[in-house]
Amino acid sequence: MTELNKITKAIRIQTERTNEMEHSTPLFLTSSFCFDNAEEMRAAFADESDDNIYSRFSNPSVQEFTDKMCALEGAESGYATASGMSAISGSFLALMKQGDHLLSCNSIFGSTHTVISKYLPKFGIEYSYVSATASEAEWEAAIKPNTKMIYLESPTNPGLDILDIEMIAKLSKKHQIILNVDNCFATPINQTPLALGADIVIHSATKWLDGQGRVLGGIVLGKKELIKEVYLFCRSTGPALSPFNAWVLSKSLETLDVRMERHASNALFIAEQLQSNNKISGLKYPYLTTHPQYSIAKKQMKNGGGIVCFELKGGLESGRKFLDGLQMLSLTGNLGDTRSIASHPASTTHAKLTEEERKAVNITPGLIRISVGLEDKNDILKDIVQALDKC
Ligand SMILES: *Cc1c(COP(=O)(O)O)cnc(C)c1O
């Protein structure tokens, strides 16, 4: 058979059918695996065979999810983790050591910022940030002799800045630095960072990959030799993905392509309809020509994704009024669900930061993030508009 399309692979890759002849993939909810005899067991522990030993190391349900993600991202290898944060911290700690420097961008997910700024320095790993709109020269000037890794998100959470992955990949190749990209917001349906030159892609599978707000999960994908290090680190430190969550996530990947297409078309509709609303002072969506990095989005993304951001003219107080005014959209900390979600970072996820600190990571007082779901687009729009009327 000819090479299958990656969308087909995300549906068809499956653990080998058992003697029960099941059609849907089985769930291997087991912590360990048996051996027929002492020699087989010895060989497995000596890494002379690929036999499963223990689910902290490997598990067929987890492998199925990993294989599908490798196909979708075009990766040689992967290691699935219990959450997006364990994928991020695992990739940091496995691939950097004392004395190394991590270069990142000031627009990154809040917990990632905590890991980078609070915990990496404890292990002697330095960091510095450039702004999301930094030019090629500014990125290059920020590279130090000990820069080991560049880490970025695009689009960024929650501000929807777009970074030019290809441009930064060229710099990282030139300076022999590992480029690690969080592809959570785009998903491999929309953008494949490895094809743009990145060395590692990480995901919070909790978001669009699950797509139904049920389980936590994460994954690190990329070149074999880098993933081997991540695997060895994680198999000892223990952030393994639960086989149950892997089974749920593997099933989710079968519908990822159709879901993401609808999320993106609903989001584009919402963005277009809201951009002239008189309660809003600015609206961002990667596929609107008004987005400051529209041309980069067009170059590296297949569509604009499922997130829309806007700034309320009334600032912090309007943000609270907007959340209270919603009748259908959920107020919850997650994103990437079938159900549309509204969040107001300044009064919730980023409330502990000072105004200055929020400004430094591009969280403005009236910033609202909408994760556009799969409901009827007019129902979503109506709810947002009536809540804006109350601001
Ligand atoms: C949620 C999120 C994470 C963290 O993932 P968890 O699964 O919650 O640990 C990392 N990066 C981005 C962009 C996210 O949105």
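Each residue takes its place number in the sequence, starting with 1. Computed over heavy atoms, backbone and side chain alike; hydrogens, waters and symmetry mates excluded. Start at 1 and go down the list; that is how both ligands and their atoms are numbered.
- The contact set between ligand 1 and Gly84, taken as ligand atoms under 4.0 Å from a residue heavy atom, comprises 5 (O), 6 (P), 7 (O), 9 (O).
- Of the protein's non-hydrogen atoms, the one nearest atom 4 (C) of ligand 1 is Phe109 CE2, 3.4 Å.
- Protein heavy atom closest to atom 14 (C) of ligand 1, with residue, atom name and distance, is Lys207 NZ, 2.9 Å.
- Looking at Lys321 and Asp324, no side-chain N of the basic residue comes within less than 4.0 Å of a carboxylate O on the acidic one, giving no salt bridge.
- The closest protein non-hydrogen atom to atom 7 (O) of ligand 1 is Thr206 OG1, 2.6 Å.
- For the pair Arg12 and Glu254, the salt-bridge criterion is not met [side-chain N within less than 4.0 Å of a carboxylate O].
- In this structure, Ile88 has a heavy atom closer than 4.0 Å to ligand 1.
- A salt bridge links Lys284 with Asp161: the distance from a Lys NZ or Arg NE/NH1/NH2 to an Asp or Glu carboxylate oxygen falls below 4.0 Å.
- The nearest protein atom to atom 9 (O) of ligand 1, hydrogens excluded, is given as Met85 N, 2.8 Å; this is a heavy-atom distance.
- In summary, Asp257 and Lys6 do not engage in a salt bridge, as defined by a charged side-chain N under 4.0 Å from a carboxylate O.
- Interface atoms of ligand 1 facing Ser204, defined by a heavy-atom separation under 4.0 Å, are 1 (C), 2 (C), 3 (C), 4 (C), 5 (O), 6 (P), 7 (O).
- A salt bridge links Glu355 to Arg358: one of the charged nitrogens lies within less than 4.0 Å of a carboxylate oxygen.
- Salt bridge Glu126/Lys148: absent, no basic N to carboxylate O contact under 4.0 Å.
- Counting only heavy atoms of the protein, atom 13 (C) of ligand 1 lies nearest to Asp182 OD2, 3.4 Å.
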